[in-house]
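Structure record follows, encoded as structure tokens.
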There are 2 protein chains.
Amino acid sequence: MYINLLGYVCLFKRKCKNLLHKCRILLNYSVKKITALSKNMTKSKIPKPAIERLCTLYRFLDMCEEEGTTCISSAQIEKQLHIGSHNVRKDISYLNLSCSGSGGYNIKKLKSQIAAQLGFTQPQNICIVGLGRLGTAILAHERIAESEYNLAAGFDSNINKLETIRTRVPVFPSYEIESVVRQMNITLAIIAVPADAAQSVADKLIGAGIRGIVNFAPVVIKTGKSGVFINNVDILGKLNLLTALLKANSSEIYQ
Amino acid sequence: MYINLLGYVCLFKRKCKNLLHKCRILLNYSVKKITALSKNMTKSKIPKPAIERLCTLYRFLDMCEEEGTTCISSAQIEKQLHIGSHNVRKDISYLNLSCSGSGGYNIKKLKSQIAAQLGFTQPQNICIVGLGRLGTAILAHERIAESEYNLAAGFDSNINKLETIRTRVPVFPSYEIESVVRQMNITLAIIAVPADAAQSVADKLIGAGIRGIVNFAPVVIKTGKSGVFINNVDILGKLNLLTALLKANSSEIYQ
DNA sequence: TATTTGCTGTGAAATATTTCACAAGTCATT
DNA sequence: AATGACTTGTGAAATATTTCACAGCAAATA
Ligand SMILES: NC(=O)c1ccc[n+]([C@@H]2O[C@H](COP(=O)([O-])OP(=O)(O)OC[C@H]3O[C@@H](n4cnc5c(N)ncnc54)[C@H](O)[C@@H]3O)[C@@H](O)[C@H]2O)c1
Ligand SMILES: NC(=O)c1ccc[n+]([C@@H]2O[C@H](COP(=O)([O-])OP(=O)(O)OC[C@H]3O[C@@H](n4cnc5c(N)ncnc54)[C@H](O)[C@@H]3O)[C@@H](O)[C@H]2O)c1
């Protein structure tokens, strides 16, 4: 009993300390909030899951357009992408546009609207670090050339590789990452180096002012800098996810 | 006015029809629901976002374990993975286990618990279709060999490639997909063929009883069969997502 | 022209997910 | 032993997201 009581006293002290801390944070927060509100914060923000779906949709529309389709309805999208038609319509409604016409959405119009809202209109310069098997596979990717991304540079630490590689993309030794990234105004990077080199490469890239990284090496890249987005594409993680979903799904069926 | 009224009558009729349809669905649904309930459906299901995070966490723990760490706290995980510590604890709490000890979670214990709950304990056989640049990069992946997945087969339509390729994984011509997949009891597949071949390869795989596919070709794979999960890894989609997040983030800052 | 069909767009309701707050535990230090 | 500094685990509150239902429009059809 006695010991417990002392424990509470200790807890109480800590709470007081926490409370003070909270007050400070709250004060700070209110100031920020008020500033934000006063700046007429009217723009409704799009939920993150909706953004992800819209990206998928955008890629899909691109595909459809190439096949010559001009119109598509939310019901058709549901069938192809396995995204509920309600959901598709809701996502599109976040864009505040009107594509209503017979036979569904006008693909060209919808695509350009998504691009406008999500920021795909300005072509961005991207680079690849690591020109091994994976790196060259990406260099040869069928659709990058015609996309809104301009593959501006490739980097590798192996000088021999730089000399023998055959590609239209200019390649550089990796100690030039910093200067080339700055000079060419490259904003996004793809990492395809072995796991143990990935973090140091990422640090260099972030130091050079890169805003986003797609990382294929099987490590979790850390970034101290806020405002830098990292997307780790680990194939084992994908396999794990499939396994887990299969398990969850099957147990849904069996009980 | 008049035409509008007729419109309403028409709407009303449609509603009646819909109502009937709904009744039929509802009836069907109730029957299913009751069956499910009677089977003592007590297991609480893990939210899908939590499953995704747990997969990432699992990969991360694997990495930590190799580096020799034995313990990790939710706060440390927050720093490394950018998943809030509240969130980490909540996700882990879905697993119904108790890892509480000083200094945080015991990595070994936590890993095996996640594996048990998410179904990573049984090794699964996987295969790769398309042994070009990307395919061979995956064959050479640093961590697959030591993972819970057994790379059981590779397929390619190009016979010359099959003869020249150097790997410990047995390779087959792609017309043998169906028989090999069945014989070896392969459950998951990775597609690394050009875009125009991807859907037909997927159809073959699904026909052979595959349960999950990771698709690297830049097309959206469709599956008629329910219970088959597909994960499309499109690098352009990833780049799009980064672009969109950057835009959303920056507009958050500026308003 | 009179109906019917099919589709979008969107508030509001229903769900799902995240965040919070705190009891309760462990261990190191005084 | 007394205290303090760490933990985790978890209902409940707060938010976020999805689903629904239907007005309203445009085109197709009878
Ligand atoms: N989907 C996936 O997640 C996936 C698929 C395949 C491979 N991978 C991973 O991608 C990575 C690369 O695979 P790969 O098969 O192309 O390997 P690779 O060995 O063929 O190529 C690696 C390249 O990186 C270069 N490199 C090494 N250190 C470097 C540095 N510090 N700076 C610049 N370049 C450097 C090397 O010279 C080499 O050219 C591996 O980590 C692999 O596990 C991931
Ligand atoms: N992260 C990504 O999303 C990413 C990265 C790189 C490449 N890619 C894509 O991956 C795919 C493959 O790229 P790659 O560079 O390895 O191409 P590649 O041309 O080097 O290899 C393709 C291989 O597939 C084989 N193939 C063709 N048709 C086949 C069939 N019907 N059945 C079995 N095998 C068949 C070919 O013989 C060849 O060996 C491309 O679609 C590319 O766009 C995606």
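Numbers restart at 1 for each chain; the letters A, B, ... are given by sequence-line order, proteins then strands.
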Separation of [X] atom [atom1] from [N] atom [atom2], in whole Å?
X	N	atom1	atom2	answer
A/N106	D/dC25	CG	P	20 Å
B/K48	D/dT17	NZ	P	15 Å
B/I46	D/dG9	CD1	P	14 Å
B/I51	C/dT17	CD1	C1'	13 Å
A/K79	C/dG6	NZ	P	12 Å
B/Y105	C/dG25	OH	P	16 Å
A/L110	C/dC7	CG	C1'	14 Å
A/L95	C/dT10	CG	P	10 Å

Using 0.5 Å steps for rounding, measure from the CD1 atom of B/I213 to the CD1 atom of B/I126.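 Rounded to the nearest 0.5 Å, the CD1-CD1 separation comes to 13.0 Å.
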Nearest 0.5 angstrom please: A/L205 CG to A/I221 CD1, how far?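 Between atom CG of A/L205 and atom CD1 of A/I221 there are 9.0 Å.
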Distance below 4.0 Å between A/N87 side-chain N/O and D/dT17 OP1 or OP2: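 No, no such contact exists.
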Using a 4.0 Å heavy-atom cut-off, write out nucleotides 10-15 of chain D from 5' to 3' as B (base contacted by protein), S (sugar-phosphate only) or - (no contact). BBB---
B/R59 bridged to B/E52 by N-O distance under 4.0 Å: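 No, this pair does not count.
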With a cut-off of 3.5 Å and sequence neighbours excluded, list every side-chain donor-acceptor pair involving residues 82-90 of chain A.
{"unit_1": "A/S85", "atom_1": "OG", "unit_2": "A/E78", "atom_2": "OE1", "d": "3.3"}
{"unit_1": "A/N87", "atom_1": "OD1", "unit_2": "A/R53", "atom_2": "NH2", "d": "3.2"}
{"unit_1": "A/R89", "atom_1": "NH1", "unit_2": "A/S74", "atom_2": "OG", "d": "3.3"}

Between B/S74 and A/R53, who's closer to the 5' end of DNA chain D by nearest nucleotide?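 That would be B/S74.
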Given the rule in the side chain to side chain contact (heavy atoms under 4.5 Å, CB included) test, do B/E148 and B/Y58 qualify, once you have shown the distances and angles that lead to the verdict? CA-CA 12 Å; B/E148 60 272 23; B/Y58 183 74; 3.4 Å; yes
Would A/F60 and A/I72 count as a side chain to side chain contact (heavy atoms under 4.5 Å, CB included) here? Give the steps. CA-CA 11 Å; A/F60 177 68; A/I72 196 164; 3.7 Å; yes
